[in-house]
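Here's the structure, in structure tokens; my notes come after.
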Amino acid sequence: MSRLLQRFRDRVAADSIGPEELFVLGHIYSLSTTWFDRRDIFGMIGARREIYGRYSEIFRRVYNLSKGWGYDLYTALQQVLATMRRGYAKRLLTLLSQIIVSGADLAYSMLSELRAAINSYDAMINRRIDATRILFSLYSTFMSVSVFVLVNVIMLAMLVGGGDEMVVLGAIALNISVAALGAVVIAMAPKDAIALKGTLQYRRIVVIPMTGVIVSSISFMLSSMLIGFGTPVSVALFTAPLIVSGWIALRIENRLLQIDEIFASFLRSLGAILSSTTFLEALRDMTTSVLGILTPYVVRLIRMIRMEVGVENAWREMLSELGSRITSFAGTVFLEAYRSQGDIKGSGNALGDIIDAVMRGRKREIQMARSYEATVIMLTALVSAIMGFVISLVGILTYYISSLGGTIFSIAAVSPYLMDLLSYITIAIISIVNGLVVRSTYPGSLYSATYHIGIFIVVGYISYQASIVASDMIIKNFLTELPKIPGF
């Protein structure tokens, strides 16, 4: 199953346009405005595996055939094209081969293709959001139906004499089915990493939630042994570390999103100023404008350049401190355009347009994810309330009918402690799966899903306890008004 999902995701990625494809076009455009030989452009992009992934392998193969084996660039492109399947990568190489054989202006052609690709990217984001809505609506429907199936299993276990074994099997089947469907949905959901791997921000996003999970597990076990399982104190001690650690991770990712948004205008302004002055003077002019969250990083960049660290080393250090994936990609391309003495103003504008396109897509995805999160919170509360009502109904009916002098039909007793335990476990598993599924709709990593998991568990627990209290009062008042059956 995992291999099939991975093949499906790879095939979808090959046919779609993402940030990597946009940055490939922007990188080619930036390098094509320099004095570099066209073969060297393929070599430089092929060396950036951390940015372009599979595209770097394709461009490196073209470069090796052209530079190492002596093929002309058009023949090398045709050799690589013969081994490729359909997808945007093949379309791009076909376009490059046509430009080379016709002698057209590479920079102008790449800029035109970049603008068309940005429009295609915007349309692809809209299609992806529509598909994601359908996918998660199916998941929500299945989860609701599964809980109602469990309720029917509990009632049948009483009526047909299934007892505790039937209830346990029904709960296990429900939890496994919901978890399996959630895993499929998470695997098929689009991934858009915000933090760059290896940076301090990425390590914090990973380590802080994992620490919260460990602390939450330890505090839950200790509180359950000392205070009792399922008490408000034990639930609070279990969910508090999850919520706090996840909230911190979300704050880090939100800060990176703010950096991405302002970095687009920063590159445009810096590129325009660099076309007429030095790097240090351009940065000094930039500090007089409103840089927002980038101000302390630019100030440190100026200090490092003054300390003769070197523009390239100082710039890379700033990108590492920022920790954003998109910012690192754009900053790396911008630096190579500056080093190569290309059209730095045009490169800044092109990279700014790419970042703006990525941020537009992220904002639409976040808007969709927030509406879905609100729906799942209400659904979790409703499911937990239904389970609480069923637990109260089964317990009271069992006690009421068994207290009569006779029986109308055979009823198998179900352990109230077992029912309560299975309810807590089911609510916890549903909350964990829902938290991971909801987080997969947002841009960023799944590590910060601990925040959503903690919120869902709290909402489910409160709804469950409130439903039990209300159901006990309503059902008991109703049963006390019923006349006792004559003869029993």
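If you're wondering where the values come from, they're calculated on a predicted model, not measured in any experiment.
No donor-acceptor pair under 3.5 Å is formed between the side chain of Ser448 and the backbone N or O of Leu250. The closest donor-acceptor contact from the side chain of Arg439 to the backbone of Ser445 lies under 3.5 Å.
Between Arg339 and Trp315 there is no side-chain heavy-atom pair separated by less than 4.5 Å. Side-chain contact between Leu96 and Phe42 is present, with heavy atoms from C-beta onward closer than 4.5 Å. Looking only at side-chain heavy atoms (C-beta outward), Arg128 and Glu365 come within less than 4.5 Å of each other. Looking at Val235 and Tyr424, their side chains never come closer than 4.5 Å, going by heavy atoms from C-beta outward.
The side chain to side chain contact (heavy atoms under 4.5 Å, CB included) test applied to Ala314 returns Leu301, Met304, Ile305, not counting sequence neighbours. Here Tyr52 pairs with Phe23, Val24, His27, Ile45, Arg48, Tyr55, Ser56, Val333 under the side chain to side chain contact (heavy atoms under 4.5 Å, CB included) rule; sequence neighbours left out.
Comment: Asp130 does not engage Arg127 in a salt bridge, judged by the lack of any side-chain N to carboxylate O separation of less than 4.0 angstrom.
Not less than 6.0 angstrom separates the ring centroid of Tyr139 from the ring centroid of Phe142.
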> What's the verdict on side-chain hydrogen bond (donor to acceptor under 3.5 Å, both in side chains) for Glu253 and Tyr442, showing C-alpha distance, side-chain angles and the deciding distance?
Replying inline: CA-CA 11 Å; Glu253 291 190 334; Tyr442 283 92; over 6 Å; no

Enumerate, atom names and distances included, each donor-acceptor pair closer than 3.5 Å involving a side-chain atom of residues 201-215, sequence neighbours excluded.
from, atom 1, to, atom 2, distance (Å)
Gln201, NE2, Glu321, O, 2.8
Arg203, NH1, Gly198, O, 2.8
Thr211, OG1, Val207, O, 2.8

